[in-house]
2 protein chains.
Amino acid sequence: MTPIAISLGDPAGIGPELIVRAWAQRQAQELAPFFVVGGCGVLQQAAEAIELDIPVQLVASIAEAADVFDNALPVFGSMDCAYTPGSPHEDGARLALASLEGATQLAVGGEVPAIATAPVAKSELAKAGFAFPGQTEFLAAACDLDAEDAVMMLAGPQLRTVPLTVHCPLAEVPSRITKDLIVHRCTITAAALQRDFAIPQPHLAIAGLNPHAGEGGKFGHEEETIISPAIKQLNISGIDAIGPHPADAMFSAHKRSTYSVAMCMYHDQALIPVKALDFDEGVNVTLGLPIIRTSPDHGTAFDIAGYGIANPGAMIAAIKMAAKCASNRVAYEARVKADAETDV
Amino acid sequence: MTPIAISLGDPAGIGPELIVRAWAQRQAQELAPFFVVGGCGVLQQAAEAIELDIPVQLVASIAEAADVFDNALPVFGSMDCAYTPGSPHEDGARLALASLEGATQLAVGGEVPAIATAPVAKSELAKAGFAFPGQTEFLAAACDLDAEDAVMMLAGPQLRTVPLTVHCPLAEVPSRITKDLIVHRCTITAAALQRDFAIPQPHLAIAGLNPHAGEGGKFGHEEETIISPAIKQLNISGIDAIGPHPADAMFSAHKRSTYSVAMCMYHDQALIPVKALDFDEGVNVTLGLPIIRTSPDHGTAFDIAGYGIANPGAMIAAIKMAAKCASNRVAYEARVKADAETDV
C-alpha cells in the first residue's frame, strides 16, 4: 500500500512525540507505512526529548518514503521550525498549517490513500491565518464541499458516535436540530460505513434530544415533531435507522452491541460516552469526503508536551483506521465496479 | 445491624425477581439482612416463575425479620395482590405505592437504618393516586423537606454523578441552571459524601454546560456568568469544588480518579457516563434526607419481567450501598458527638 500521509500538528503540542512513538511501535502494532509532511527537525527534537533513538529521514518522493519506512521515519517536504514543547508560537502554527495543507493536497490529488492529522490548536492556527472553525471544515473546503457535507464521527473500540451539532452553545442545540439535518447527516454516515468501514447494512441508532427521549412528550416535543419524522424518511429511503432512544441508556454494553453507530444530537452526548469508554483509543474520522482522514480524538495537550508521558494509543488507532478505511474503500469500489460490469 | 427495608416496586416489573435473586445470593454477596414491605405472594410467585426455590416468610416484627433472614426472605406487612409479569395494572401500582410508603415510614420513624426501593413505573403510580414526579420528590415530602433539598446521585463502581437539573426538556436546562441551584446542591452533596460515604474531604468536579465548557465564551457564556461564580462561592464556604470542566473529557478513567463526584448540569450529562460504564451496577441514591435511601438505577423493564433474565447487579449494589451508608452515618454521628463532647 502507498504510505499514508501524516500532518505534524502543532510542534509545541504532543503531536510530534506521538508520531515518533507510533513509528517506534510500527512492528508491534503492525502499522501500514506512513510518512510525515514536513518537520524533520521537529521530529528529531521530539524523539530526543523523550529519549527515543529514532532515525528521521527526509525523502524526495512518496515512493522513497515507502522504501525507507522500515528503517527510518520518513519526512516529505523540507518545511521546519524551531520550537519549545508546551510553548506554542506563530512559527509553529504556520508549520502545522503548511503540513496539514500539504497532506490534504496529497490526498486530494490521489497521491496518498489517506491522511491522519496530529492535533492542532485552533486558536493558534487562527493566528497563522487559518479561517476555519476546525480541521473538518478545512477539509470539506479543500475537497470543494460544503461544511455540512463533512460529518465528524468519533470511533473507539467499543462505540462509534456522530454529533449532529458540534461547536455551538447548548442553548442553541434545540433550534439547530432539524429534520433535514438529521436526514442529511445520517445518509452520509450510512454510505460512509458501507464504503469505508465494510458494514454492508449499517444500523443507525438515533438518540433523543431530551431526557428519556422526551418520555412521550412529557419532557420536550422534538422527538415527536423532528426526530421521529426524520427517522421515518430515512427508513423510506432504505436506511436502517431506529429511535429516538433515551440517550442515557443507549450506551450500555448491551445496547451498543446492537448498532453500528449512535447518531447524537449534540457534542457532549456523542463525546462523553466515547471518551468515558475509550479515551486512549478514540479516533475522529471525517465522513463524506472524497479523501480519507482520521485524527486522534484529543488536543495538543501543551501542558504535558515534551515530558514523554503522552499516550500514543489514539494516534496509533488513527493511523490504523486510516489504513483500514483506505483498503475497505478500494475493495468497496472494486465491488461496485464489478457489479456494474455484471449488470452490463 | 437492624435489617434494611426494601419496597417491592411494581409487581409486574422486574423488582420482585431481583429481590428474590438478591436474597438467594445473600451469602456470596455478603449482604446485610433485609426484609420486604408487603407482597408475600408476589415474591413467592416471582421466585417460582424464575425457578428459584426460595422460602418467603411473613414476619410480625422487624426483630423477627432479623431472626429469619438467614433461612427465609422476610416480608413485613400483609398487603399483597395478584399480578401478571409484564402487564402492569392498578392493583399492582397500589401495592407498589403502599410498599414504598410503608418502607419510608419505617425509615422516618427510625425503625430501620435505610431503605432500598425496587423500580416503579411513574405513569402506573400516577393512576394509583401518586402525586409526585418521582420517588425522590415523594421521599423529600415524606421527610418534610422541599423537593430541591433532596439530591439524586448516581453511583457506580467507577463514577458518581449528580444531575443538577433532571426531568425537563433540554431547551429549558440553560435557564434552570442558576448560581443558587449549583451552590445549594453542591453543599448538600458535599455534606452527604462526608456523612454517608466516609469521604472526609469530598472533591467536587463541576461540569460545564456547553461544549468544551464554552471554550472561553466561544460556545456559550453560562460557564463565566453562572458556573464559575458558583464555584467561587462554594470555595469561600470551604467546599473543594473545581471547574467548570469540559464535560466530554471529565469522565475518562484518568480524570474520574481525581474527584469524588461529578456535578452535572443536566440529566443525560450525568447518566450517560454512569450507564455507559456501570450499567449493571448503577445505584440511585437520594442525598440530603434524614433517612438513607438507595435504588437500582434502572426501570421496571416490563418487557423482560418474569423471564428470569433480568440482571440483579444494580439491586444488589443498592442493598449494599444502603447498608454501607447506614454504618458510615452511625460512625460519622458518633465522631461528631465525640468531638462535641471533647470541645466541652
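From a predicted model like this one, the values you see are computed outputs, not experimental measurements. Proteins get letters first, then strands, A, B, ... in listed order; numbering begins at 1 in each.
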Colleague: Just checking K218(A): does its NZ atom have more than 12 heavy atoms from other residues, nucleotides or ligands closer to it than 6.0 angstrom?
Modeller: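 Result for NZ/K218(A): enclosed.
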Colleague: With rounding to the nearest 0.5 Å, note down the distance linking NE2 in H298(B) to OG in S252(A).
Modeller: 12.0 Å
Colleague: For P169(B), is it the side chain, the backbone, both or neither that has a heavy atom under 4.5 Å from a heavy atom of chain A?
Modeller: both
Colleague: Would you name the heavy atoms of D268(A) and N210(B) that are closest together and state the gap between them?
Modeller: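 Scanning both residues, the minimum pair turns out to be OD2-O, 4.0 Å.
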Colleague: CG/L154(B) to CG/D248(A) distance, rounded to the nearest 0.5 angstrom?
Modeller: 8.5 Å
Colleague: Once rounded to the nearest 0.5 Å, what's the spacing between atom CZ of F251(B) and atom CG of L277(A)?
Modeller: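 Answer rounded to 0.5 Å: 12.0 Å.
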Colleague: Side chains of L170(A) and L170(B): closer than 4.5 Å at any heavy-atom pair?
Modeller: yes
Colleague: With the side chain counted from C-beta on, respond yes when H167(B) and H212(A) share a heavy-atom pair under 4.5 Å apart, and no when they do not.
Modeller: yes
Colleague: Which atom names give the shortest non-hydrogen contact between P211(B) and V166(A), and what distance separates them?
Modeller: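 What the structure gives for the nearest pair is CG-O, 3.7 Å.
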Colleague: If you count heavy-atom pairs under 4.5 Å between each of A253(B), C168(B), S123(B), G214(B) and chain A, which one has the most?
Modeller: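 Most heavy-atom pairs under 4.5 Å with chain A: C168(B).
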Colleague: What part of F219(B) is in contact with chain A, defined as an atom under 4.5 angstrom from a non-hydrogen atom: side chain, backbone, both or neither?
Modeller: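 Both the backbone and the side chain of F219(B) come within 4.5 Å of chain A.
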